[in-house]
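Have a look at the structure below, then the notes.
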Amino acid sequence: MNTDFSSRLQQLLSRGEFAVTAECGPPRGANAEIVNKKGLVLKGCVDAVNVTDNQTAIVRMSSIAACAHLLKIGLEPVMQMVTRDRNRIALQSDILGAYSLGIQNILCLSGDHQIFGNHPDAMNVFDIDSMNLIRMVRTMRREGQDMSGFELNGSPRMFIGAAANPFADPFEYRVIRLAKKIDAGADFIQTQCVFNMDRFKKWMTMAREEGLTEKVYILAGITPLKSEGMARYMSKKVAGIDMPGELIKRMAGVPKKKAAAEGIKISLETIAELRAIDGIHGIHIMAIEWEEMVGEIVEAAGLMPRPQ
């Protein structure tokens, strides 16, 4: 695995630490205090914080700006970057600018289609896809060149991440796609949130058999459920989610006042199982507008204090 850069997240993973990352969604406005408030809630209980890039195709504060705000309060950001809104010129320019601000981690994504957001008539770009974005960042880092071959005056030595969904169909293609992202230059992977543990374990077995877990750091996704309604909504409306019926029944079987506690209990059980899987290097907690619970989950999972 690559070690030619100085991201703290990379350093922790290379030392064999079990990493914990979380997520911060920028506000639908220019109020930096919202970012700071979320960041301070997460500070001390996670190793890095993903900052989404106009998630669900809704206009929000830019990922770069929100990352810069988190840096100011002492958090290490993971800048998410989607190819939906930028051509290759803008992508490379933003990567250079982000690195110059001290942003050292990037997660390369395609992005949700604009039809699902609040500007459905907007024109998407998709000049390159997420696979080529990964390759482009690696070339800028390793070769010190942009996509045209021009030599850069200072290369962005970023720790490169990609997403993986072990639950999409066809299932057999999931590991092939993972291998392609690793070959393109991904250093770490953050997965879709894990609810179907049996299927996730099969995916990990296939990844180990191909030797992929020796080439990349895998952080498994965790999303705590707040209610039965949330479980049903995610099952029906969120692409790529595999929600077993027994989990929905379990959430339905507790009083509404205790549903959130049950959702956290499920998350803790999931984390315990994930920690026992060979090839899992950490977790990525996606507590949707519930950042205040991240610290409680990390503490209850026995993952505090975080390593320095």
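- Between the side chains of E23 and H284, a donor-acceptor pair is found at a separation under 3.5 Å.
- The backbone N or O of V20 lies less than 3.5 Å from a partner atom in the side chain of D47, making a donor-acceptor pair.
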Decide yes or no on side-chain contact (heavy atoms from CB on, under 4.5 Å) for D187 and L9, but give the supporting numbers first. CA-CA 11 Å; D187 303 306; L9 178 60; over 6 Å; no
Notebook entry, point to check: For W290 and I264, what are the C-alpha separation, side-chain angles and deciding distance, and is it a side-chain contact (heavy atoms from CB on, under 4.5 Å)?
Noted result: CA-CA 11 Å; W290 208 16; I264 291 173; 4.1 Å; yes
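- Side-chain heavy atoms closer than 4.5 Å link hydrophobic residues (I, L, V, M, F, W, Y) into clusters, and following such links, even through other members, never connects V49 to V41.
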Take D183 and R177 through the salt bridge (charged side-chain N to carboxylate O under 4.0 Å, His left out) test and state the conclusion after the steps. CA-CA 10 Å; D183 288 342; R177 186 162 177 80; over 6 Å; no
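- A salt bridge links E269 and R250; the closest N-O separation between the charged side-chain nitrogens and carboxylate oxygens is under 4.0 Å.
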Evaluate salt bridge (charged side-chain N to carboxylate O under 4.0 Å, His left out) for E17 paired with R306, printing each intermediate quantity in order.
-> CA-CA 9 Å; E17 302 283 1; R306 297 308 306 145; over 6 Å; no
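- Both tests do not hold together for R84 against F126: distance to the six-membered ring centre under 6.0 Å, angle to the ring axis within 45°.
- Surrounding CZ of F171 are more than 12 heavy atoms belonging to other residues, nucleotides or ligands, all under 6.0 Å away.
- No hydrogens or angles considered: a donor-acceptor pair under 3.5 Å links the side chains of T52 and Q55.
- Here L219 contributes atom CG and I285 contributes atom CD1; the two are 10.5 Å apart, rounded to the nearest 0.5 Å.
- Of all the heavy atoms in M61 and P26, the pair that sits closest is O-CB, 3.4 Å.
- Side-chain contact between N118 and R28: present, with at least one pair of heavy atoms (C-beta onward) separated by less than 4.5 Å.
- Taking CD of Q10 as the start and CZ of F188 as the end, the distance is 10.5 Å to the nearest 0.5 Å.
- C108 has its side chain out of reach of K181: every pair of non-hydrogen atoms, C-beta onward, lies at least 4.5 Å apart.
- For R86 and D53, the salt-bridge test passes: some basic side-chain N is under 4.0 Å from an acidic carboxylate O.
- Inter-residue side-chain proximity for M140 and S155 is flagged as unmet; no heavy-atom pair is nearer than 4.5 Å.
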Using the salt bridge (charged side-chain N to carboxylate O under 4.0 Å, His left out) rule, take K256 and E262 through it: C-alpha gap first, then chi angles, then the decisive distance, then the call. CA-CA 10 Å; K256 287 186 178 181; E262 190 68 17; over 6 Å; no
query = Between E210 and K180, is a salt bridge (charged side-chain N to carboxylate O under 4.0 Å, His left out) present by the stated rule, with each step listed?
reply = CA-CA 12 Å; E210 295 297 322; K180 288 183 176 181; over 6 Å; no
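- With rounding to the nearest 0.5 Å, the separation of CD in Q114 from CG in N124 is 4.0 Å.
- Cluster membership check: L12 does not share its hydrophobic cluster with I160, using side-chain heavy-atom separations under 4.5 Å among Ile, Leu, Val, Met, Phe, Trp and Tyr.
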ask   = Do Q190 and T21 pass the side-chain hydrogen bond (donor to acceptor under 3.5 Å, both in side chains) test, and can you show the C-alpha distance, the side-chain angles, and the key distance before you say yes or no?
value = CA-CA 9 Å; Q190 292 174 329; T21 58; 3.2 Å; yes
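- To the nearest 0.5 angstrom, I64 atom CD1 is 5.0 Å from M81 atom CE.
- A salt bridge does not link E291 to K37: none of the charged nitrogens lies less than 4.0 Å from a carboxylate oxygen.
- With S235 contributing its side chain and A231 its backbone, the two residues share no donor-acceptor pair below 3.5 Å.
- Residue I103 forms a side-chain contact (heavy atoms from CB on, under 4.5 Å) with just one option from L71, L70, V51, and that option is L71.
- In this structure, CG on L268 lies 5.5 Å from CD1 on I271, to the nearest 0.5 angstrom.
- Looking only at distances, a side-chain donor or acceptor of K43 sits under 3.5 Å from a matching main-chain atom of I73.
- Placement of V125 and I115 in two distinct hydrophobic clusters is found when ILVMFWY residues are connected by side-chain heavy-atom separations under 4.5 Å, directly or transitively.
- The main-chain N or O of R60 is found under 3.5 Å from a side-chain atom of N54 such that the two form a donor-acceptor pair.
- Counted within 6.0 Å of CG on N153, heavy atoms from surrounding residues, nucleotides or ligands total 12 or fewer; the atom is thus considered open.
- Residues L212 and F167 share a single hydrophobic cluster, defined by chaining ILVMFWY side chains whose heavy atoms lie under 4.5 Å apart.
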Fill in: S7 vs N105, side-chain hydrogen bond (donor to acceptor under 3.5 Å, both in side chains): CA-CA, chis, key distance, verdict
CA-CA 7 Å; S7 157; N105 306 295; 2.5 Å; yes
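- One finds no salt bridge joining R88 and D94 here, because no Lys/Arg side-chain nitrogen approaches an Asp/Glu carboxylate oxygen to under 4.0 Å.
- Note on I241: it does not cluster hydrophobically with M197, by side-chain heavy-atom contacts below 4.5 Å among ILVMFWY residues.
- Checked against ring pair (Phe, Tyr, Trp, His ring centres under 6.0 Å), W203 has the following partners two or more places apart in sequence or in another chain: F200.
- Side chain of D146 to main chain of S148: a donor-acceptor pair is present (N/O by atom type, distance under 3.5 Å, no hydrogens or angles).
- Minimum heavy-atom separation, D112 to A57: O-CB, 3.9 Å.
- In the model, D242 has a side-chain atom that pairs as donor or acceptor with a side-chain atom of N196 under 3.5 Å.
- Atom OG in S267 sits 5.0 Å away from atom CD1 in I297 (nearest 0.5 Å).
- Put simply, the side chain of E76 gets close to the backbone of R8: a donor and an acceptor are under 3.5 Å apart.
- Judged purely by atom type and a 3.5 angstrom limit, R208 uses its side chain to pair as donor or acceptor with the backbone of D278.
- Counting only distance, with no hydrogens or angles, the side chain of H281 and the backbone of I218 share a donor-acceptor pair below 3.5 Å.
- For the pair R141 (side chain) and M158 (backbone), a donor-acceptor distance under 3.5 Å is present.
- The pair K202-E172 does not count as a salt bridge, with every side-chain nitrogen at least 4.0 angstrom from each carboxylate oxygen.
- Residues E228 and R232 are paired through a salt bridge, judged by an N-O separation under 4.0 Å between the basic side chain and the carboxylate.
- By the 4.5 Å heavy-atom criterion applied to side chains, T83 and L109 are not counted as neighbours.
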Item to complete: Might you work through the side-chain contact (heavy atoms from CB on, under 4.5 Å) test for Q145 and L152, ending with a clear yes or no?
Response: CA-CA 5 Å; Q145 298 178 345; L152 300 169; 5.5 Å; no
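- Summarising the local packing, CZ of F116 is surrounded by 12 or fewer heavy atoms from other residues, nucleotides or ligands at distances under 6.0 Å.
- Distance alone, capped at 3.5 Å, places no donor-acceptor pair between the E299 side chain and the M304 backbone.
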Show the numbers, then the answer: is there a side-chain contact (heavy atoms from CB on, under 4.5 Å) between M243 and L225? CA-CA 11 Å; M243 181 77 66; L225 297 169; 4.0 Å; yes
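- Side chains of K201 and E273 form a contact here, defined as non-hydrogen atoms less than 4.5 Å apart.
- Checked against ring pair (Phe, Tyr, Trp, His ring centres under 6.0 Å), F195 has no partners two or more places apart in sequence or in another chain.
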